[in-house]
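Have a look at the structure below, then the notes.
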Amino acid sequence: MYVRGTVAGEVERRSVSTKYGESDLAEVPLRLDSDHDAADREASESADGGAAVLEENHEPTTVTLWNKWTESAELLEPGMEVLVTDAKTEECQGKTKFATTGESYVVVEPSFLVNVTAIRNWVDCPRLYYLNKLSGVPLNYPVVKGTIVHEVFGDLLRGRALEEAIDARVDERGLELGLLGESADAVSEEVRENAAAIEGWLEQGRLTEEDSWRSEQLLISETFGIRGRADAVRRGAPVELKTGKNLKKEPRFKDKVQAACYALMLEEHGGDVDVGTLLYTKNSALDRNEETGDLTPAKEFSMGDGLLKFVVRLRNEIAATEVQGTVPTGYEGNAKCEYCFEQDTCMVVSGRLDQESKAGQIGRPLPADEREYFEEVSRAIEAERRAVHHEYAKLWEQRPQERADDDRALIDLEFGEKRPLEGGRWELRAEQPAGTTSKLREGDLVLASDGHPVRGNAELARIERLDDEVVLTADEPVEVTRLDVYPSELTTDRLLAALHDFLLKGDDRRKDVLFGRADPTFDEPEETFIDNNPAQNEAVRMAVGAEDFALVHGPPGTGKTYTIARAIRAMVERGERVLLSAFTNRAVDNALEALLEQLDGVVDDDRVVRVGSESGVRTDMQPYRLERAGDPAERVAELEDAQVVAATTATCGSRVMKAQSFDSALVDEAAQLTEPGTFAAITLADRFVLVGDHEQLPPVVRSGDESHRPELTDGDDEPLGHDLTESLFERLVALHPDSGVMLDQQYRMNQRIQAFASREFYDGQLRPATPAVAGRTLDDLEGASREALPESLRDPVAFVDVEGDDDRYTDSAEAARIAELVETYEAAGLERSSIGVIAPFRAQVSEISNHVPGDVTVDTVDRFQGSSQEVIIVSFTATGSLEGPIFEDYRRINVALTRPKRALVLVGDARALETDPVYGRMLEWASQVSVRGGRD
DNA sequence: TCTCTGCCCAGAGGA
């Protein structure tokens, strides 16, 4: 039987005498999860056979954890989730209580999925686990070689020829090997030695018995809250490959722990695992084992119950630490610090952040404000991590049919065919039902399954093509009927590492400036860079002359992309090496496009490099994209000889980019970046320039939702001084207002259109760059005529009052009216492709799309940011009152109202809009000329 | 059910 619930009070721990002697127990008050979930879960637990007994009432009950599980009980705090498998019931004073049995596992916070490598690190030393998370693993040769050996191993299992596999896998890692100064031949030779050990061992197996293999299996455990990828599974049991040497009789303990993690997960998926294999591929005939005379690289060991339970207790420690946000000290484990490779790092981190540590401390603590900053920002990043974990939990929380509206999955695919590819992989094809939408995109990594992403047959796959037909590549031939987003912690890992690098490895002068202890300095050139726009010219001068940093505030349409390009050209002409970065691939490519124009004739094309994945980089920028595969020396030369490198901030946090350094970094759309996100780019450069507009949308942060934060009761939760929703750009604009320039001439909007945004968001300082811009109308467009429009739409800004319906996220009355408006504009000679429709909610976007077919772009405000259109129609989708947080952030209306060049039509319920002062002023402005109540 | 983009996934190893 299965018990799952929330800890409802203090845990009591004591010893009692039983017929087996003295035993420890812990009594945990537990509020059971609702039985709806349990029934759902039970249906999937057919192998177990035990029925979950759950009460209707939500009064807390008690679950007694016996003996070693009391260790996990010590981790529990009120508000935490617990799961107990194979529990038994006890009737006690008319109430049903629960207790562990000899078969039970106790899982703390089961929805937090702990990585297998995390458990492996933790068993070495909990603080090692923390340090790895904090600073990331740098690029080093043993790690890269180890990865290649693993890939070759997988290839061999899938039937690929050895030499072909080695050539291909070494080639794929050309760039990394080049950065490490390795040659392809030397690496191949080393890999060949490891691979020979693998091959010999595989050969033995083939002679003696028939083997069934599966390589690189991704496993996710719903029960134990563990996820990881087994190197191989042979006859249902895990095989772990190690590149190193082990001449002892037994496998290393942490390797056993790793294999035991996979065994647990395989058992949950219906296996019966009692053995694990470790393959130490550096063992050779020369290294004959002293005790056993054994030559083989393989060591089998039997997987006892005790080990599996020990592993779950380790995993519980990690989950509890993550949820509570505590920092391990090293005293939790028995490792000897003097043998540890990370001892120095450990002591420095302890010293600088003033953390308690078994290894001791080196160096003076950072100033108090910096330590506080570290606390707050790292806590915010961890909240973000929990939000990612929340998405993992969603993989099995709901039944497939309930996810029909969830755009994180594509369901009901019709499986087409599977085709073997070169190298043992598979191409899988499936048909997509008509009209499905999802956030999945080409290039994404997904869980491809035959029905359920966790319980069914599932495999990690890459989306190669996504239209009516879905084309995937994967290691195994899964008969795909469903795709789920595979959530990744990569971004949060990189944010944490960027924070660490900035605070602990960063330049002191820079920290003085960013923490307000010193003012930024400038050495501006006298040169004129841009003739007819003083603000742009000043921006370039400051960017070029900044000794610390410069800020360029670019409201909508003010030519910030051009200004960036001009500034970078000036830097390049001075011989600087420059990094161009932004949060999105789209922004990077836009800025790069403008830059290439500027650099034409200044710098050779091959000295401009775009770093990013093939699917992320726009087609026309592919020629500049740095290929990772190839000859190591050539690949690294291509990157290191580049004078300009363009990449997203996430890519700047990658190991390849961290090996680069620049004189200057320019970050576009910086107001949409979190502080640590910005650090990822700027820590690579001596000086930096941030370009953005904090009056438009702020960074997207998942953890804004309170439900991802732990609800622990003892909380001394003082409000955060720093969360991730304020950008470094915005903070620096406030801290050092003189270090920036606002671009004040806009090249986009008719004067009437820009007036409201200028007054409301830019202190009235935004103005049209030229009379021609100020006087733009539809008449300028070929074939279009304002005279052909009804009078109420002739003004560049119009308001159409629609009473609307009571639905909260859609409004079909507005959608229908918008369809009419589109027709009206079309009749007046406008191309449909020059009309855009903006709505606050995705639901309304699809409602409008249903009413307005064809080339009209319909999208959310958020997705419209950064682009413009001749005519924009805004659907406010609110009736009666302006309810909902989406309306509270006025930056969103700033974005919506500043997209059009020649005409803006606001469609909404005047009564609702009048309830808010800002929307009210907007209404006044929009209604100045236009006729109200525009229903003909 | 508010809005949502990134990222070669997780793990590769040193004595």
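Letters A, B, ... are given to chains in the order of the sequence lines, protein chains preceding strands, and every chain is numbered from 1.
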Subject >> N-O pairing of A/Arg120 and A/Glu240 below 4.0 Å >> reply: no

Original post:
Does A/Arg173 pair with A/Glu182 as a salt bridge, N-O distance under 4.0 Å?
Top reply: no

Nearest-neighbour nucleotide for the [X] side chain, [options] considered:
X: A/Val116; options: B/dG11, B/dG13, B/dG6; result: B/dG11
X: A/Ser613; options: B/dC4, B/dC8, B/dG14; result: B/dC8
X: A/Phe841; options: B/dC2, B/dC8, B/dA12; result: B/dC2
X: A/Thr491; options: B/dG13, B/dA12, B/dG6; result: B/dG6
X: A/Asp444; options: B/dT3, B/dC7, B/dC9; result: B/dC7
X: A/Val143; options: B/dA15, B/dG13, B/dC9; result: B/dG13
X: A/Tyr809; options: B/dT1, B/dT5, B/dT3; result: B/dT1

Subject >> Nearest-angstrom distance from the residue atom CG of A/Asn140 to C1' of B/dA12 >> reply: 9 Å

**OP:** State whether a side-chain donor-acceptor pair under 3.5 Å links A/Thr810 with A/Glu847.
**Re:** no

Subject >> Phosphate OP1/OP2 of B/dG6: any A/Tyr486 side-chain N/O under 4.0 Å >> reply: no

Subject >> Inter-nucleotide C1' distance (B/dA12, B/dC8), Å rounded >> reply: 13 Å

Original post:
What does A/Thr651 touch in the nucleic acid at a heavy-atom separation under 4.0 angstrom: a base, only the sugar-phosphate, or nothing?
Top reply: sugar-phosphate

Original post:
According to the Watson-Crick and G-U wobble definition with distances under 3.5 Å, which dot-bracket string, read 5' to 3', encodes DNA chain B, using [ ] for crossing pairs and | for pairs with another strand?
Top reply: ...............

Subject >> A/Gln622 versus A/Val617, closest heavy-atom pair with distance >> reply: NE2-O, 2.9 Å

